[in-house]
Q: 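Pasting in a structure now, in structure tokens, and then I'll have a few things to ask.
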There are 2 protein chains.
Amino acid sequence: MSSVESPELRPTLADVARAAGVSTATASRVLNGFPRVRPKTRRQVESAMSSLGYARQRAARASTGGRTGSVALVVCEEVLRLFADPYFARISAGAGKELTAAGLQLVLLTVPATEDYQAPVVRYLDGGHVDGALVVGMHGRRPLDLGWLGIPVVFAGRPVCPREPGRFSYVDVDNRGGAQRATQRLIDAGRRTVATIAGPQDMTAGVDRLLGYRQAAAGAGRDHRGLVVFGDFGQASGEHATARLLDRKPHVDAIFAASDMMAVGALRALRRVGRRVPGDVAVIGFDDLPVGRRTDPPLTTVRQPIEEMGTRMTAELLAMLGGSAAPGCAVLDTELVIRASA
Amino acid sequence: MSSVESPELRPTLADVARAAGVSTATASRVLNGFPRVRPKTRRQVESAMSSLGYARQRAARASTGGRTGSVALVVCEEVLRLFADPYFARISAGAGKELTAAGLQLVLLTVPATEDYQAPVVRYLDGGHVDGALVVGMHGRRPLDLGWLGIPVVFAGRPVCPREPGRFSYVDVDNRGGAQRATQRLIDAGRRTVATIAGPQDMTAGVDRLLGYRQAAAGAGRDHRGLVVFGDFGQASGEHATARLLDRKPHVDAIFAASDMMAVGALRALRRVGRRVPGDVAVIGFDDLPVGRRTDPPLTTVRQPIEEMGTRMTAELLAMLGGSAAPGCAVLDTELVIRASA
DNA sequence: CTGAAAGCGCTTACAG
DNA sequence: CTGAAAGCGCTTACAG
């Protein structure tokens, strides 16, 4: 015991080099899998590493311009919402798959709702702990100030008003088109009073889906004033919004909800006042979450390829890390999936 | 444009010092909020920082023994299970609350199920990117080899066979006691054939809950051979296990499931073959997840304080980071919550 | 193929 | 209160 060095000190690369009788430069080359090392030397170093139980202090690479081997997925919500919303689960799954295949570690970061909420997260991102970041769910109230970040960033959804528009990449979904088609279906089915439960207007997804609704309504010569209520994409907000809507326009006979969770809330509110779906009121959601298959009646909705967003975002980020040219933007298609509610 | 330095290079602390007309030592002191700096000097440095848009390369601190300001929560499951199991959500919520209060960033890490699954995660943990780690859901099949980690670690649940038993802290729940009380309730209610759906035996929670069942059964002089079936804590496994059980022991009239999700599966399986709960078969779960309140009938279960585990683990970790003496272990109480299923 | 040396960005005794 | 200098662990031209 007393003949070895202090057992609490982790071995460093210099220790490994010494034990193997080589320079730290060579030890580093072995550590990083460089080709030009004599097999015998390589073996010496490797065995020194394993007998010392060497583990590289990866953070030290950062100061030297190296990579950390990890990528952040920043979800601009509190921990509890991260888990409550299946959207995040699926996007994470998509990202995780790609990253794992590339041998990179996915690091999930959440933004607490404190006053200076962004400080710790931005500090982390800025701190050289990750090679790049995927940012999900950003909205006006939580506008991560990513201005000075030294790493590539890809957003899920067109970011709200980025300081430097051209600087960031994003992968979006055709929110406007999807909302328009959904609304059009309600109109084509002969519904007279087609309302919408819009999403938060500080997120482009909320804005674009409302825009799609308005275009369809205007195109059909409808006056949609008073037929727009707002929610936050969550179920409870959909339920409340529907109640308000029913108060204001008792004769409403169709609702386009800008998210499935809000549509589920709408279904509950309608059932509580005894309206039949789709008999009295037709309902269409947006997202195509699994829950929509189990509602009563099953939910007609606009499918967005959430998991694919995760994989595409990751692919784009990997391209940037690989030194791709300009930031790229992609917009994925949506698809109307018809079930029983409309 | 051309009169300033290359715009792509982030400013370093040396740049700040130069701009402020001080040494890097002083700049560093301001950056770290040391007290002994003349107010005027401090202001100069601060304004240089903000006008240069300085962001510290936090990773560089690691090599120097400093703190990163972040803590990992390692969930030994794939991304999708992380989101599927409410247990992780609640423990994360508990940890997140404590950490946010301490101004630390929570970093969620997941362990992909690839062959050498642990490599990236351990590399990350070993890399100096976090100050400590909370480890959740570890089991025999995924035995993170944390032996050489240079940072403090706290486990959720007594770890399986740690290499160095005294080295790690953990916060556990009285699994054995809870399981025993649940089983005893079934026996006291006059049930004759009390079976259990046990959890995975490569996790101490699975082992301890089975032990509690066995003790109660033995205490009542029961022969419980053939009355133990196994699942993986998930719903589907509970459903299948119940089907097997029914095959083997058609006259079973009580089931203690080692998790609520498995109990939910049991309820489904029982309903499918037309058994009434609790009339024909009484069922008790373990966890007290929200889902148990909405089953038909509502689920009698053993409550474990999951969120508190998260906060206690975090508190313990913070104590270790603060230089507390020995690793500590805590065991939290469970509580039988009686609803309609038993 | 390998080593001596300089460097990455930040921190910390040690002087003053 | 402040600075010059050495150091953290790792990497990378530059020679050979």
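Order of the sequence lines sets the chain letters (A, B, ...), proteins ahead of strands, with each chain counted from 1.
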Q: Between E307(B), M313(B), E308(B), which is the residue that forms a side-chain contact (heavy atoms from CB on, under 4.5 Å) with I91(B)?
A: M313(B)
Q: Can you tell me how far P of dG9(C) sits from NE2 of H129(A), to the nearest Å?
A: 16 Å
Q: To the nearest angstrom, how far is R18(A) atom CZ from dA4(C) atom P?
A: 13 Å
Q: Tell me if the centroids of the rings in F83(A) and F88(B) come within less than 6.0 Å of each other.
A: no
Q: Quickly work out the L13(B) CG to dC10(C) C1' distance and round it to whole Å.
A: 7 Å
Q: Provide, to the nearest angstrom, the distance between the CG atom belonging to L52(A) and the C1' atom belonging to dG9(D).
A: 15 Å
Q: Could you state the atom-to-atom distance from CZ of R36(A) to P of dT12(D) in whole Å?
A: 16 Å
Q: To the nearest 0.5 Å, what is the distance between CG on L106(B) and CD on E98(B)?
A: 12.0 Å
Q: Return the value, rounded to whole Å, for the distance between atom CD of Q44(A) and atom C1' of dG3(C).
A: 15 Å
Q: What is the distance, rounded to the nearest whole Å, between atom CZ of F34(B) and atom C1' of dA13(C)?
A: 11 Å
Q: Rounding to a whole Å, what distance do you find between R42(A):CZ and dT2(C):C1'?
A: 13 Å
Q: Now, which nucleotide makes the Watson-Crick or G-U wobble pair with dA4(C), with each of the two distances under 3.5 Å?
A: none
Q: Pick the closest DNA chain D nucleotide for T12(A) and for R29(A) by heavy atoms, then say which residue is nearer the 5' end.
A: T12(A)
